[in-house]
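Below: one structure, written as structure tokens.
Here is the naming used below: chain letters follow the sequence lines, and residue numbers restart at 1 for every chain.
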There are 2 protein chains.
Amino acid sequence: MKQNTKYNIKSNLKRLFTYRLCLIGFKRKGFDRIFSHNLGEEAGVTAEQVRKDFSFFKIRGNKKGGYQINDLLRAIDEVFKYQHNQHVVIVGMGNIGRALVQYKRFLLRKMIIVASFDIDPSKQSRRWGIPVLPLEMLDDIIKKFHVKVAIIAVPEISAQDVLDRLIDLGIKGFLNFAPVMLKTPENIIVNNINLCDELESVIYYTEKVIE
Amino acid sequence: MKQNTKYNIKSNLKRLFTYRLCLIGFKRKGFDRIFSHNLGEEAGVTAEQVRKDFSFFKIRGNKKGGYQINDLLRAIDEVFKYQHNQHVVIVGMGNIGRALVQYKRFLLRKMIIVASFDIDPSKQSRRWGIPVLPLEMLDDIIKKFHVKVAIIAVPEISAQDVLDRLIDLGIKGFLNFAPVMLKTPENIIVNNINLCDELESVIYYTEKVIE
DNA sequence: TTTTATATGTGAATAATATCACATATATGA
DNA sequence: TCATATATGTGATATTATTCACATATAAAA
């Protein structure tokens, strides 16, 4: 299995996120135990799929007794190495960037946006809770907070430049909102989110179902 | 192939988006013809994959001559039925909602956010270009603009209620940013975007590569 | 015009993923 | 405590997705 730039989140990992979401829902409803059957139904997969996935990630339940929800959540957190906080920087303070720095949920999962960056001096204030800094300060911040992951929310025209620069400064993983295929060396992870594509595919399938 | 709620974008459709992105890039660089080999390299897949995908979507090239980029782009647009504008509503004017209504790129793909909605009366102004309306007006707008697709950007606690209400009003497809598994009847499409999951999976793979 | 080199398009082969089926362990109730 | 019903965990099987391999068409060159 080649670890490469051109890269999709493995579907079993994706399902693990879904399971977590479902488990949190079940917990909220007062359950503390769950069976693969219930979880599968909620997550939209078969019970066997759930068990196979758990098996893959070395998560084990009790024969006949199912799974303790708290155990499962802890085990899933374990997969994501939840012990320590993760520092993240974000480059580009446009619409998307501003939304993300204010997105509180990252904190609940111990992902901390330590600073944001923009070339536009007029944006360089503390208006949005965390500092908006000039790109010259990337090096300092990345070193100071041991940042390994960055969010790219710049216009597509400058995305490749920003990426190259961040890789030089030691960033290994990217969440990219710019609609371009970024070129990277081996062992650099880029997860692209293309909002247009996401909306468009909804429209595509909606029309497919309707007709 | 069961069309269901619990639902992932087919990977060949996803690749079609990637191809488009690459093609736009090639075009910008001055190319007007492309071979499956080039496109595959750029998109991070094999040339055979490119051809199989095109074949699946009934997109055909010229033996020996490759593909005209403009033809390809037109054919891809055809897959997405690009002739007419698509009206979309968005519910929830928090961080994410506000970013999306200002996101210009939707327009380039003829996806038009015709109105946004929020229960908070203090948000009900025209501050962000399009009107922010109370939810009571959903029915009017959906009828007036023949809306079939909605973006849900409300807190998770109210997402299911909003979804149910929108389904009642005839919405068939959803782009959902609330981190919950929404329950829907058959033939309703929900595409979930979970920003925490996306960032977290970058971190996951980044740590995997590093170690 | 004819030749030739080369890119497409697609069945066949392979690989990856998901489901089935059942042996095993154990929670539950008698 | 013991019997039993039932949920897990996982090899075997089926399905789906990708790659291989090559016949075919044709753009480009002679």
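What separates CZ of Arg33(B) from P of dT26(D) is a distance of 14 Å, to the nearest Å. To the nearest angstrom, P of dA25(C) lies 12 Å from CZ of Arg60(A). Atom CD1 in Ile34(A) sits roughly 15 Å away from atom C1' in dT8(D) (whole-Å rounding). In this structure, Lys52(B) atom NZ and dA17(D) atom P are separated by 12 Å, rounded to whole Å. Distance CZ (Arg51(A)) to P (dA18(C)): 15 Å, rounded to an integer number of Å. To the nearest angstrom, P of dT10(D) lies 13 Å from CG of Asp53(A). Between Asn38(B) atom CG and dT6(C) atom P there is a gap of 14 Å when expressed in whole angstrom units. At whole-Å resolution of the value, NE2 in His37(B) and P in dA5(C) are 20 Å apart.
Residue-level contact check: Gln49(A) touches the backbone only, with heavy atoms under 4.0 Å from sugar-phosphate atoms and none from bases. Tyr67(A) comes within 4.0 angstrom of the backbone, heavy atoms only, and of no base.
Among the nucleotides dT19(C), dT8(D), dT28(C), the one closest to any side-chain atom of Lys64(A) is dT28(C). Proximity note for Glu48(A) (side chain, C-beta onward) versus dT18(D), dA21(C), dA12(D): the nearest is dA21(C).
For Ser36(B) and dT8(C), the shortest distance from a side-chain N or O to OP1 or OP2 is below 4.0 Å. Residue Ser55(B) places at least one side-chain N or O under 4.0 Å from the OP1 or OP2 atom of dT10(C).
Evaluation of atom-type donor-acceptor distances gives no pair under 3.5 Å for the side chain of Lys63(B) against the base of dT6(C).
Within 6.0 Å of atom CD1 in Ile141(A), more than 12 heavy atoms from other residues, nucleotides or ligands are found, so the atom counts as buried in its surroundings.
With hydrogens and angles left out, the side-chain atoms of Tyr67(A) and Asn62(A) include no donor and acceptor closer than 3.5 Å. Of the N and O atoms on the side chains of Gln160(B) and Asp164(B), at least one donor lies less than 3.5 Å from an acceptor on the other residue.
Between Phe80(B) and Phe17(B), the ring planes are parallel. Angles under 30° get that label, and only those over 60° would be called perpendicular.
With Phe26(A) as the aromatic partner, Lys29(A) meets the cation-pi criteria of under 6.0 angstrom to the ring centre and within 45 degrees of the ring axis.
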